[in-house]
Engineer: 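Pasting a structure here, questions to come.
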Amino acid sequence: QVQLVESGGGLVQAGGSLRLSCAASGRTLSTRTMAWFRQAPGKERELVAGITWRDSTTYYADSVKGRFTISRDNAKNMAYLQMSSLQSEDTAVYFCAARYEFLVELGYHENEYRYWGQGTQVTVSS
């Protein structure tokens, strides 16, 4: 089992930055592809960014490309999402997710991720 806990959300003005953290316990993240999803009110959960375990290949949704950066620190069993130039459209609950161990592919849908955190609220005021 893997337990994921997100932190770092909050209220920020448009144009500001936040860094989300995802702390894992129970099992290692080093052999799991990780991702950040978000869900805004009334909308479906969407993939924001992902990072594979074997070579740290990254993926970003078009809406965040150039503004968000996903990273991982296997030694600390952590994943991060650095968010810059935040916009009101980025307001959502952000979730950290992990795939089953040793799956190489990223996974673009929420049903491809086995473990989830409880989410952290990000609110961007305009």
Engineer: Would a single hydrophobic cluster contain both V12 and F68, if residues Ile, Leu, Val, Met, Phe, Trp and Tyr are joined by side-chain heavy-atom contacts under 4.5 Å?
Structural biologist: yes

Engineer: Closest approach of Q118 and V5, non-hydrogen atoms and distance?
Structural biologist: OE1-CA, 3.8 Å

Engineer: Could you check whether atom NZ of K65 has more than 12 heavy atoms from other residues, nucleotides or ligands sitting under 6.0 Å from it?
Structural biologist: yes

Engineer: How close do V48 and Y94 get, counting heavy atoms only, and between which atoms?
Structural biologist: CG2-CE2, 4.3 Å

Engineer: At their closest point, which heavy atom of C96 faces which heavy atom of E6, and how far apart are they?
Structural biologist: N-OE2, 2.8 Å

Engineer: Which heavy-atom pair separates E105 from R99 by the least distance, and what is that distance?
Structural biologist: O-NH1, 2.9 Å

Engineer: I need the L86 CG to Q13 CD distance, nearest 0.5 Å.
Structural biologist: 11.5 Å

Engineer: What distance do R19 atom CZ and S7 atom OG have between them, rounded to the nearest 0.5 Å?
Structural biologist: 9.5 Å

Engineer: Does T58 reach the main-chain N or O of T69 with its side chain, forming a donor-acceptor pair under 3.5 Å?
Structural biologist: no

Engineer: Is any side-chain heavy atom of M78 closer than 4.5 Å to one of S21?
Structural biologist: yes

Engineer: Does a side-chain heavy-atom distance below 4.5 Å link T28 with N77?
Structural biologist: yes

Engineer: Verify the cluster assignment for W36 and V64: are they in a single hydrophobic cluster under the rule of side-chain heavy atoms below 4.5 Å apart?
Structural biologist: yes

Engineer: Report yes if the side chains of D90 and R38 come closer than 4.5 Å at any heavy-atom pair, otherwise no.
Structural biologist: yes

Engineer: Kindly indicate whether the side chain of E110, heavy atoms from C-beta on, has any atom under 4.5 Å from the side chain of F95.
Structural biologist: no

Engineer: For the hydrophobic clusters of this structure (ILVMFWY residues joined by side-chain heavy atoms under 4.5 Å, transitively), does one cluster hold both L81 and I51?
Structural biologist: yes

Engineer: From the options D73, L20, I70, select the one residue that forms a side-chain contact (heavy atoms from CB on, under 4.5 Å) with Y80.
Structural biologist: D73

Engineer: Is the gap between the ring centers of Y113 and F37 under 6.0 Å?
Structural biologist: yes

Engineer: Should L29 and Y59 be counted in the same cluster of Ile, Leu, Val, Met, Phe, Trp and Tyr side chains packed under 4.5 Å apart?
Structural biologist: no

Engineer: Which atom names give the shortest non-hydrogen contact between C22 and M34, and what distance separates them?
Structural biologist: SG-CE, 4.3 Å

Engineer: Indicate the atoms forming the closest heavy-atom contact of Q1 with R27, along with that distance.
Structural biologist: O-CG, 3.0 Å

Engineer: Look at the side-chain heavy atoms of Ile, Leu, Val, Met, Phe, Trp and Tyr, link any pair under 4.5 Å apart, and say whether W53 and L47 land in one connected group.
Structural biologist: no

